[in-house]
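See below for the structure under consideration.
Counting starts at 1 for both ligands and their atoms, following the listed order.
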Amino acid sequence: MTNQPKRVSILGSTGSIGLNSFAVLDGLSPDYQPISASAHSQWQQLASQARKYQLEKVVITKPDCYEPLKNELSDTKTQVLCGQEHLVDLAADEHCDILIVAIVGAAGLPAVLAATKAGKRVAVANKESLVMAGCLLMPMAKEHNANILPIDSEHSAILQAMHSGHRREVEKVSITCSGGPFRTLTKEQMAHVSLEDALNHPTWDMGPKITIDSATMMNKALEIVEARWLFDLSTDEIEVVIHPESIIHSMVEFCDGSTLAQLSRPDMKCPIQYALTFPDRMPGLSERLNLHDIGQLNFEPPDFERFPALRLGFEVAQKGGTAGSVLNAANEAAVEAFRAHKIGFTQIVELTEQCLRNHNWKEKPTLQEILEVDKLARQEVENCLEDLGAKKIR
Ligand code: NAD
Ligand code: MG
């Protein structure tokens, strides 16, 4: 390690991954140093991060939070910026060595693109950007010598296991999945689950959108697509294994019949730190595993009938092109509708599937086309909600 600390920017610094990222950076200090951060609306928390770490710049993306944040930080040297366009500035900032993208949803894509073009190490928690635009991002990373490293625990596990061989020796990747809170429910029972139930994940403590995605298993669908792009896998090389304890985070099977698994407690500090220190390892904060206490690990095949999102994940990973953008946008819009009590739980995946069926697929889209598809899918969900609302009134 050189004497110069690695300078890290955290976009989405007030969320679950953002807070864990600061904890990891505390542990890695003084070799790693946070220099800038962004949040959408939690300006008080962003202000305290700016003070604590003497950040050079902060970006708040919700306009009415700008004034209070600027006032709060008026006696500091932190530069306060407002608006989505400044996320791109932070991402491409020449002072930043590593960008952590912990923003939720499609809003993370412009920053991932900008940091990739600038040839940075991009530690991506924001799986949505890879699902939407993996077909553009991976070749772009190659061209600009950028390093896109996953923070998602499954993909971090795959990366770690893949270290033990060459890509050409990999026969299969098994992505593990806790099964979420509704793993044992029937389809009929699932139609009546509440928002509160869906927000109650059995093993992981995460932001609300990914928690709902985990309950529908759309999170696993997004992760299948994410793995497809990150590791250049065909769908024949990917399987999903239900593993309720969330101790094995994924596995890679090699051509000689050996399978390598990565194990740790369900704690995102592990994959965050690995994305920062890769290919090295440094002492970490995560609580150690005690297999005697855990006693037993269980595995089951996934049920595509009760969790149709998984089928969509494989379908989209196989199609590529614009399919990922539709899947992601329709799901984001449908999850928002569920959170606003406009639709029931099982309608999230139904609406998403409907958008996928109706869309005009393109194999090699431009960024413009990917963004257009995103907009159309959200509009289609909106139209469906109006139709559903009209039916209820009649
Ligand atoms: P969260 O909801 O806890 O935090 C989201 C962060 O993004 C917040 O800082 C918020 O201010 C910011 N944000 C929200 N909307 C924004 C917008 N429109 N523009 C700019 N910033 C915005 O979410 P999270 O659980 O930390 O997840 C973040 C990302 O990491 C997601 O893509 C998720 O899928 C991925 N991820 C999370 C976990 C986890 O354990 N939480 C695990 C794997 C992957
Ligand atoms: Mg994951």
Review point. What's the verdict on side-chain hydrogen bond (donor to acceptor under 3.5 Å, both in side chains) for Gln49 and Ser13, showing C-alpha distance, side-chain angles and the deciding distance?
Key: CA-CA 9 Å; Gln49 292 171 345; Ser13 66; 2.7 Å; yes
Exercise for review: Measure centre to centre between the rings of Phe307 and Phe182, then say whether the value is under 6.0 Å.
Suggested key: no
Practice item. In plain terms, say whether Lys269 and Glu287 are close enough for a salt bridge, that is, a side-chain N and a carboxylate O under 4.0 Å apart. Key: no
Review point. Can you list the residues that meet the side chain to side chain contact (heavy atoms under 4.5 Å, CB included) rule with Gln379, with sequence neighbours excluded?
Key: Glu382, Asn383
Point to revise | Glu315 atom CD, neighbour heavy-atom count above 12 within 6.0 Å | key: yes
Point to revise | Centroid-centroid under 6.0 Å between Phe278 and His163 rings | key: yes
Point to revise | Heavy-atom side-chain proximity of Ser36 to Cys96 below 4.5 angstrom | key: no
Check your understanding: Which residues satisfy the side-chain hydrogen bond (donor to acceptor under 3.5 Å, both in side chains) test with Asp26, sequence neighbours excluded?
Key -> Tyr53
Exercise for review: Below 2.8 Å of the Mg ion (ligand 2), tally up the protein N/O/S atoms for me.
Suggested key: 3
Revision key, fill the gap. Residues with a heavy atom under 4.0 Å from ligand 1, by chain and number, are Gly12, Ser13, Thr14, Gly15, Ser16, Ile17, Ala39, His40, Thr61, Gln84, Ala102, Ile103, Val104, Ala107, Ala125, Asn126, Lys127, Glu128, Asp152, Met206, Gly207, Pro208, Ile210, Met268
Practice item. Please name the pair of heavy atoms, one in Asn20 and one in Met268, separated by the smallest distance, quoted to 0.1 Å. Key: ND2-CB, 4.2 Å
